[in-house]
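Heads up: the structure comes next, in structure tokens.
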Amino acid sequence: MYLVGLTGGIASGKSVVARRFVEHGAVLVDADVLAREVVGPGTAGLAEIEQRFGPSVISTDGSLDRAALGALVFSDADKREQLNGITHPAIWQRAKELFEAASVANPDAVVVYDVPLLAEAVEKRPMNFDFVVVVDAPTETRIQRMVDSRGMSRQDAERRVGAQATDSQREELADAVIDSGGTIEHTLAQVDALWDRFSGG
């Protein structure tokens, strides 16, 4: 198994890169999917979040009210750290189980772990990747993408960018940086070149 860590700030274009790797044959493990899984109804993660942040973050159907929780944590670094302390260990444990399953199914698999908060988590939980890819776009481009495609206010978009690691913190971890600030064709060409390296092409 060849394990690739894929990260990038919010609205950096990371999902486009991840999809391209899958088209080439990579096994994708998506930390965002796992993040929802580990706080699903009835999980220990959701119970701990309710205990820590109160019943206001739980919807009437018993699921996590992401908007309510987001309003709390994106404006408060201490609360965000508390949330990460609950979710990150559970996400990483589940990710390792999926890496192992992919390796058993195909020892030569290229496994891409799509993890937005890699820079924030790596100091507390060292991750032994064979290669780390950072997807990057100018901050203003990312903010505009969130306003245009996600319907966010500019203030909310700026706050979410500010709540994450800096570009330089992410790039310190990088074995390669994909510039997604230009055309989609330019972004995909960079992914294709990396895949050739991973697969020996």
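A distance-only check finds a donor-acceptor pair linking the side chain of T7 to the backbone of P116 [under 3.5 Å]. Checked by atom type and distance alone, the side chain of D136 never pairs as donor or acceptor with a backbone atom of D179 at under 3.5 Å. Checked by atom type and distance alone, the side chain of S63 never pairs as donor or acceptor with a backbone atom of S59 at under 3.5 Å. The backbone N or O of M1 lies less than 3.5 Å from no partner atom in the side chain of S103, so there is not a single donor-acceptor pair. R170 contributes no side-chain N or O that, together with a main-chain N or O of V134, makes up a donor-acceptor pair within less than 3.5 Å.
Counting heavy atoms from C-beta on, the side chains of R145 and D148 never come closer than 4.5 Å. Residues R36 and D32 are in side-chain contact: their nearest non-hydrogen atoms beyond the backbone lie under 4.5 Å apart. Put simply, the side chain of Y113 does not reach to within 4.5 Å of the side chain of L6, judged on heavy atoms. For the pair V39/I49, a side-chain contact is recorded, criterion being any heavy-atom separation below 4.5 Å from C-beta on. Side-chain contact check for I58 versus L46: some heavy-atom pair is nearer than 4.5 Å. Inter-residue side-chain proximity for W195 and V191 is flagged as unmet; no heavy-atom pair is nearer than 4.5 Å.
Closest non-hydrogen pair, A137 versus R142, comes out as O-CD, 3.2 Å. The shortest heavy-atom contact between G13 and V135 is C-CG1, 3.9 Å. Of all heavy-atom pairs spanning R94 and L34, the tightest one is CG-CD2, 3.8 Å. Considering every non-hydrogen atom in both D114 and A18, the closest pair reads OD2-CB, 3.8 Å. When all heavy atoms of P138 and G181 are compared, the closest pair comes out as CD-CA, 4.0 Å. Between G5 and F129, the shortest heavy-atom contact is N-CD2, 3.4 Å.
No continuous path of hydrophobic side-chain contacts links L188 to V112 [ILVMFWY only; heavy atoms under 4.5 Å]. Note: the hydrophobic cluster containing V38 does not contain V33 (ILVMFWY, side chain heavy atoms under 4.5 Å, direct or indirect links). When the side chains of ILVMFWY residues are joined at heavy-atom separations under 4.5 Å, either directly or via intervening members, V27 and V16 end up in two distinct hydrophobic clusters. When hydrophobic clusters are built by joining Ile, Leu, Val, Met, Phe, Trp and Tyr residues whose side-chain heavy atoms come closer than 4.5 Å, directly or via intermediates, L173 is grouped together with W92. Linking ILVMFWY side-chain heavy atoms closer than 4.5 Å, directly or via other members, places L28 and V133 in a single hydrophobic cluster.
Atom CD1 of I178 is separated from atom OG of S12 by 10.0 Å, given to the nearest 0.5 angstrom. S56 contributes atom OG, which lies 8.0 Å from atom CG of D65 (distance to the nearest 0.5 angstrom). Rounding to the nearest 0.5 Å gives a distance of 11.5 Å between CZ of R52 and CG of L69. Interatomic distance, CG of D156 versus CE of M152, reported as 5.5 Å (0.5 Å rounding). A distance of 13.0 Å separates OG1 in T87 from CD in E37, rounded to the nearest 0.5 Å. The distance from the OG1 atom of T43 to the CG atom of L64 is 9.0 Å, given to the nearest 0.5 Å.
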Walk me through whether R154 and E140 qualify under salt bridge (Lys or Arg N to Asp or Glu O under 4.0 Å). CA-CA 10 Å; R154 182 176 182 86; E140 181 56 36; 2.7 Å; yes
How far apart are the C-alpha atoms of H24 and D196, what are their side-chain angles, what is the distance that settles it, and do they pass the side-chain contact (heavy atoms from CB on, under 4.5 Å) test? CA-CA 10 Å; H24 280 299; D196 286 343; 5.9 Å; no
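Ring geometry for F198 against Y2 counts as tilted: the plane angle lies between 30° and 60°, on a 0 to 90° scale.
No more than 12 heavy atoms of other residues, nucleotides or ligands shown are found within 6.0 angstrom of CD on Q51.
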